[in-house]
Amino acid sequence: MTASANAARVQTHTPDHQLTALEKFGKVPRPSLAYTEEVARETAPIYEKVKDFIPEIEWAALAPLVHAINKLKKERNAVILAHNYMTPDIFHGVADIVGDSLQLAKEAAKTEAEIIVQCGVHFMAETSKILSPEKTVLIPDMNAGCSLAESITGEDVRRLREANPGVPIITYVNTSADVKAECDICCTSSNAVQVVEAMGTDKVLLVPDQYLAANVGRQTDVEVLTWAGSCEVHEQFTAQELRDYRAIEPGVKIIAHPECPPEVVDEADFAGSTAHMINWVKDNRPEKVMMITECSMADNVANATPEVEYIRPCNLCPHMKRITLTKILDTLVDLSGEVVVDEDIAARARVSVERMINLKN
Ligand code: 13P
Ligand code: SF4
């Protein structure tokens with residue numbers, strides 16, 4: 001038998017992890033997006049939660065997307081993880097799990113679904129992939145970035161380590177896998193003080209958010225060195241603006257995210273992660289509140305706290321706002337936007353993220 005005849009008899013099998021998501025899970029037909037009576041009836045309970053923000057005429061266009069996404073995610077055995085900054089149609093309409101960065105990372109580590117659709121920004125999807133390497137992780141828009149994640153590279157961290165021997169390097173979760181791989185441990189805004197103190201040293205480096213680091217540094221005796229990164233959304237708030245709002249709205253409670261500059265946090269009644277801010281409103285039920293953060297937060301919590309009046313100066317995150325229902329449906333149909341992380345980088349980054357997740361409270 002000739003060599004070429006032999007070769008023709010050899011069957012090639014591509015290992016599962018080398019297949020594209022579409023090759024692995026197969027095609028599905030694109031669903032119809034008509035606003036039928038069935039769609040209106042089945043999405044009515046969801047509309048109840050968002051009707052203050054979405055006019056009926058707009059819902060006629062959104063409801064078929066919500067309906068199709070919810071059906072298709074079951075068929076695909078997919079879970080939708082959505083950050084608290086997603087718009088209410090996503091947050092209340094299609095998300096299976098909502099939360100802050102820490103909650104989403106924990107959920108990604110334990111989900112049983114084969115596919116994770118990450119409704120948030122790219123570093124969040126990468127974190128899910130790092131924690132669940134065997135799962136398919138999809139993001140509806142690959143260009144959903146973050147000014148903090150853009151501000152530092154793995155090479156920068158290697159240089160910082162050389163310049164600061166023996167000083168533990170903590171990375172905020174808002175960074176690339178490459179940066180996480182070079183650091184000792186990860187943190188989020190809900191556990192940064194705890195992580196800093198868990199290092200057991202007099203000094204730490206907390207990168208890349210200079211404002212988070214400054215806010216954390218004021219809550220601990222540990223010296224917190226940092227990097228010149230910042231969140232383009234939270235750095236825009238000013239202390240004077242907050243003082244002006246208090247003058248116009250006497251009695252208003254002001255709560256802020258710790259990515260805001262320290263002088264802004266000083267003017268606030270409370271500062272915490274997005275989940276901690278939501279819980280603060282639910283626990284304290286103030287008459288009037290201002291959330292010094294991304295705009296969707298107030299919309300998403302408003303329906304669970306009807307007695308609270310939300311005063312709404314806020315800043316939009318252009319990266320978070322890239323995620324839309326249309327793109328989520330496209331992702332589920334085409335299985336596009338697959339997040340891939342180099343295996344060696346992922347393995348090293350996983351050590352940093354798991355060290356954080358496994359910290360005892
Ligand atoms: P949280 O961890 O508080 O949800 O923050 C994520 C984020 O990107 C805030 O800008
Ligand atoms: Fe990044 Fe700021 Fe947007 Fe959060 S709000 S994703 S930190 S740019």
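In each ligand, atom 1 is the first atom listed, and ligand 1 is the first ligand listed. Predicted model, so just to flag it, every value in this text is computed and none were measured.
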Protein heavy atom at shortest distance from atom 3 (Fe) of ligand 2: C317 SG, 2.4 Å
Backbone, side chain, both or neither: what part of V121 comes under 4.0 angstrom of ligand 1, heavy atoms only? neither
Using a strict cut-off of 4.0 Å, indicate which atoms of ligand 2 neighbour a heavy atom of Y85. 5 (S)
Quick note on ligand 2: atoms under 4.0 Å from a heavy atom of L148 include exactly 7 (S)
Is atom 2 (Fe) of ligand 2 under 2.8 Å from any N, O or S atom of C231? yes
Can you report which non-hydrogen protein atom sits closest to atom 1 (Fe) of ligand 2, along with the distance? C146 SG, 2.4 Å
Exactly one of T188, D100, N191 should register a side-chain hydrogen bond (donor to acceptor under 3.5 Å, both in side chains) with S273. Which one does? D100
Filtering M320, Q103, H234, H257 for the heavy atom nearest atom 5 (O) of ligand 1 leaves H257
Please determine whether any non-hydrogen atom of C231 lies less than 4.0 Å from an atom of ligand 1. no
Quick check on contacts: which atoms of ligand 2 are under 4.0 angstrom from a heavy atom of N174? 7 (S)
Under 3.5 Å, side chain of K180 to main-chain N/O of A346, donor-acceptor pair present? no
What about D100: any of its N or O atoms under 3.5 Å from an N or O on ligand 1? no
Report the part of H276 in contact with ligand 1, treating N, CA, C, O as backbone and CB onward as side chain, heavy atoms under 4.0 Å; options are side chain, backbone, both, neither. neither
Does K73 reach the side chain of V117, with side-chain heavy atoms less than 4.5 Å apart? no
